[in-house]
Amino acid sequence: MYQTAAKCDKLMTMKQRTTKELDAARKYEKRESAADFERPFFHFSPLIGWLNDPNGFSYYDGKYHLFYQYHPYSSFWGPMHWGHAVSDDMISWEYLPAVLAPDMDYDRLGCFSGSALTMDDGSHLLMYTGCSDKPEDPTGRSRWYQSQNIAVKPQGETEYVKYTGNPVITGEDLPDGTDPYEFRDPYLWRAEDGTYRALAANGVYDETKGTQLCLFKSDDGFDWRFETVLFEDKRKIGVMWECPNFFPLEGKHVLIASPMDMQAEEEEAVGSIRFPKGNNVCYILGDYTDGEFIPDADENGRFIYAPVDGGLDFYAPQVMETPDGRRVMIGWMQDPKSANHHDDSMRIFGQMTIPRELSLKDGILYQWPVAELEAYRKEKVHVSQTSLSDSWTQLTGIGGRSVDILAEITEADRAVGIRFAADAGHFIQLVFEPVKSTITIDRSASGLSEEMTAKRTIKVRNRGGALSLRILIDRWSAEIYVNDGEQAVSLTFYTDIKAQDIAFKAEGRAFIELIKYTISG
Ligand code: FRU
């Protein structure tokens, strides 16, 4: 049997194990690392600087590993590194030194997103996109060139070392007519027969084609060959479907990807939209047999796709399998289009969602915070069923900016409002309107910059005036799980931490029952 570590050693001993770029990043992150008060309490954030996509989310050598798109040197996107952290429970993370820096010709402009595999010999293999300005586009346009590359940490060692045979997949390996430049975000898995697969996205700007997700195969994790186009978006829903994930779940296969630059899509419900204009995340259910993915289709034979998150900040999630067989997804809790509107005095920017367990019910992808979060619940407060009044009212013991709240709304006839992160001048507002079967999240009074999207209305299932919510508030973000995880709504806000109030109001009749926990370590 082929031994990954042996191959690496053979090919890499001559190379330096770290480079001056990686050493510099490590020195910097160690010296400048953000203090606890600067970061979210129970959501993952970068050691210092900027974070975007989760990468290499995996369980390896007895720990959960999370890598992340990382620009340590400022709180804005820049030449991408990979940051690294490990955890026993996916909630408390221990930072480890950065693992990848842009230090090779093929990744000089950045080590973009990718994923991880555990190999038979105990090594941890990362595949990531190297972004470079070479080779130049023959048409003379200034474009990035992207290829897929490998870094491996042999068992018992600490360094992830770039493979000397990089790049392992390039535009040359793609079928004719595909764009060899925009080609990124490989998602790895091991097939049942022990061979490996990588699914990567490429943008096709040809009139006749849409963006494709290309599947590659390997026997050893190093030598890859093109297998098939697993999925093509001929309908041109967005210009490129970044960060694909593909995995089995309860008898189906799930494709999750992040289409860029979508047009807004309206829902039948008044004023609600399924997808806002911009970058979104969607999922497609289907069947995968003999290397072919057949998406579930509507009556016109068109693939059915649905939003993964109905909030204002969610992108580029990554899904992994836990040792006990759960499929868990973690996402970048940020709309990429509004990621540059923060104050440049911030020393860190970007956070992940809580890892979410995925399941299927009636053809819908359900999401729920990992059970491990429950160990952090303290100070339970129970408010038994209460009739809500028509003015904003606080309920005894319900408030705070690090909380996990379960709310059951019943018999609502017109509207129920919940405000949180509130003080005299600020609040985030969630409104449930049972007649329209909608909820609206509105952060326009949070003190946000005016360029940011402030509001979104989504359709919720009609349960005759009932709605159940789980609301996680963590300093500068909220995740709201609707009807046991049938929908999730994520958003960030930068309201002063002193705004701790939570208040409730109803128009017409409504009852609420609440359980609140403080989340603490
Ligand atoms: C998604 C993305 C990926 C890319 C990475 C670069 O947010 O654009 O497609 O690999 O970010 O940081």
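Note that the numbering runs from 1 along the sequence shown for the chain. Indexing begins at 1, ligand by ligand and atom by atom, following the structure's order.
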If you scan protein heavy atoms around atom 8 (O) of ligand 1, the nearest is E242 OE2, 2.9 Å

Taken in chain and number order and not counting sequence neighbours, the residues that satisfy side-chain hydrogen bond (donor to acceptor under 3.5 Å, both in side chains) with E159 are R26

With respect to Q69, determine whether any N or O atom, backbone or side chain, lies less than 3.5 Å from an N or O atom of ligand 1.
yes

So the atoms of ligand 1 within less than 4.0 Å of a heavy atom of Y315 turn out to be 1 (C), 7 (O)

Within 4.0 Å of some non-hydrogen atom of S113, the atoms of ligand 1 are 5 (C), 10 (O)

Discussion item. Less than 6.0 angstrom from the centroid, inside 45 degrees of the normal: does R401 satisfy that with respect to the ring of F41?
Written reply: no

Going by the 4.0 angstrom heavy-atom rule, the piece of N52 near ligand 1 is side chain

Between E182 and R184 (salt bridge meaning N to carboxylate O under 4.0 Å), is one present in this structure? yes

Validation row, ring centre H342 to ring centre F76 under 6.0 Å: yes

Ligand 1 atoms nearer than 4.0 angstrom to some heavy atom of M80 are 12 (O)

Self-check item: Salt-bridge present (D404, R470; N to O < 4.0 Å)
Solution: yes

Correct closest heavy-atom pair for A257 and P244 would be CB-CA, 4.2 Å

protein heavy-atom neighbour closest to atom 7 (O) of ligand 1 works out as D53 OD1, 2.8 Å

Closest to atom 4 (C) of ligand 1 (heavy atoms only, candidates T129, D185, L51) is D185

